[in-house]
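Below, read A as the first sequence line, B as the second, and so on, with proteins coming before strands; counting in each chain starts at 1.
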Amino acid sequence: MKEIIKRCFRRKQLLLTFAAVVLCLSIPVGFTIAYFTDMNSASGTGEMIELKPETAIHETIDNLNKSITIENTGNADAFIRVKVFYPASLNGLQVVINPNSDEAWILGEDGYWYYNAVLKAGQTTPVLAVDVTVTAQEGQIPDFQIVVVHESSRVFYSESGEAYPNWNLQAAQPQER
Amino acid sequence: MIRNNKKIFSVKYLVFALCAVIFFAGGVIGYTKAEPNYTTDDYEADLETWNVAVSLVENGMALNQNAPILSGLPGALEPGKYYEDSLSVQNSGMLDEYVRVIIRKRWVEKNADVNGVKNPVRDLSPEYIDLVLSEGWIESPSESTKEKTVLYYSKPLKAGTGETVEFLKGLSIRSDVASVVDSQTDETGNITLTYRYNGVNFEISAEADAVQTGSAQDAILSAWGVEVNIAEDGTLSLPPTE
């Protein structure tokens with residue numbers, strides 16, 4: 001019986017001590033105030049066009065002459081350039097590239113013919129004509145090939161809004177985030 | 001003798017206890033009396049507590065909570081071109097309020113997963129998403145990151161007038177996003193360049209927060225955790241960053 005009374009007294013003492021500690025700790029907490037606030041949010045996603053330009057070359061051959069046009073078959077605007085490879089030193093062969101008179105095609109120092117405008121999606125360039133004349137007798141000139149290569153570049157914009165191509169696209173360095 | 005004393009003590013104790021109970025009950029219960037009384041009809045009165053409320057507005061149309069934005073964009077965007085899309089905040093409450101806006105941007109996969117969620121593409125930089133912000137807002141350099149722009153409006157929005165302030169004019173995708181390519185060379189020496197940002201979408205989210213102008217400094221610190229300065233004319237400014 002005495003043990004029980006002793007245990008009860010200790011428990012009571014513990015409870016009182018706990019209550020006193022809680023009271024002491026709550027004094028510096030102070031009071032809280034609620035302020036009027038509100039929040040609203042919204043989100044959405046947007047799409048980007050296909051980055052890779054898609055173009056197709058069209059050639060029509062009349063005798064040995066070629067008429068070249070480039071069509072933008074993708075949905076991105078593009079810059080176009082064309083290079084014609086032929087045996088320039090072959091005697092008896094004369095190749096003349098005719099850009100037509102409206103200066104749509106301009107010859108660069110690197111031998112490429114540059115289309116002098118942005119080719120919009122779905123559009124086709126004017127004809128770049130390759131006129132081939134063989135002046136040698138038959139059998140006096142070996143077989144030859146005239147190869148046409150075309151390249152396209154995405155349209156990039158400077159800060160001032162000026163469009164320009166990038167013909168030297170290289171692999172990117174790892175990005176820092 | 002002891003037994004008799006114990007008996008007497010018990011009876012006495014019981015009597016005292018009984019008296020105490022009766023005395024206590026009597027004191028608590030009190031006395032009752034009848035009085036004439038009159039009760040009027042019920043009168044109803046509408047009471048309304050003033051509130052702070054903020055709304056988002058896109059191209060002049062108010063948006064509901066979690067409504068979609070960017071729906072006015074003309075389909076797929078072309079890098080390098082600027083597209084107009086106006087986002088504003090509006091005071092739709094009954095108290096003047098200070099507002100801040102948090103705009104988040106990131107790249108997400110083009111197709112949603114089985115749960116209908118477009119997962120973020122974390123290895124692509126959101127810096128290629130250019131936001132054209134409106135004037136009059138203060139950007140917090142300490143809170144803003146590459147993905148998040150935090151703006152504070154320097155003046156309180158007036159209540160009752162539906163005052164609306166634009167924070168976003170439009171956006172664009174930087175044209176040099178198409179310069180980021182990955183190169184692969186196969187066994188025959190053919191080099192394939194792949195546009196890293198091809199086949200992804202972008203996501204913009206806007207969050208508008210409003211706080212009462214009364215005790216604004218304390219309210220902003222409590223609600224947003226930010227210390228601000230409020231001038232006498234009510235102009236809000238951020239303390240200089242160290």
Is it true that, when you exclude B/K118 itself, more than 12 heavy atoms of the residues, nucleotides or ligands shown sit nearer than 6.0 Å to its NZ?
yes
When the 4.5 angstrom heavy-atom criterion is applied to B/K110 and chain A, the contacting part is side chain
Under 4.5 Å from any heavy atom of chain B - which part of A/D77
both
Closest contact, heavy atoms only, A/R154 versus B/E78:
NH2-CG, 4.0 Å
Provide the closest heavy-atom pair for A/L51 versus B/Y197 in the form atom of the first, atom of the second, distance.
CD1-C, 3.7 Å
Of the listed residues (B/P79, B/P68, B/S215), which shares the most heavy-atom pairs with chain A below a 4.5 Å separation?
B/P79
What is the distance from atom CE of A/M48 to atom OH of B/Y195, rounded to the nearest 0.5 Å?
11.5 Å
Greater than 12 external heavy atoms within 6.0 Å of A/E59's CD:
yes
Tell me, for B/F202 versus chain A, whether the close heavy atoms (under 4.5 Å) come from the side chain, the backbone, both or neither.
both
Between B/S179 and A/F156, which heavy-atom pair has the shortest distance, and what is it?
OG-CE2, 3.3 Å
Does B/Q65 CD have over 12 foreign heavy atoms under 6.0 Å away?
yes
Can you give me the closest heavy-atom contact between A/T37 and B/A223, atom names plus distance?
CG2-CB, 3.6 Å
Backbone N or O of B/V54 within a donor-acceptor pair of the A/N40 side chain at under 3.5 Å?
yes
To check you understand the geometry: which heavy-atom pair defines the closest contact between B/N198 and A/E50, and what is its length?
ND2-OE2, 2.6 Å
To the nearest 0.5 Å, tell me how far A/S43 OG sits from B/I69 CD1.
6.5 Å
Is it the case that over 12 heavy atoms from other parts of the model lie below 6.0 angstrom from the CG atom of B/D233?
yes
Could you tell me which of A/T45, A/N75, A/V155 has the largest number of non-hydrogen atom pairs under 4.5 Å with chain B?
A/T45
Donor-acceptor contact below 3.5 Å, side chain B/E203 vs main chain A/G46
no
Side chain, backbone, both or neither: which part of B/D218 has a non-hydrogen atom closer than 4.5 Å to chain A?
both
Is there a donor-acceptor pair closer than 3.5 Å between any side-chain N or O of A/D38 and the backbone N or O of B/A210?
no
Which answer fits B/L56, side chain, backbone, both or neither, if we ask what part of it has an atom under 4.5 Å from a heavy atom of chain A?
both
Between B/L171 and chain A, with a heavy-atom cut-off of 4.5 Å, which part of the residue counts as in contact: side chain, backbone, both or neither?
neither
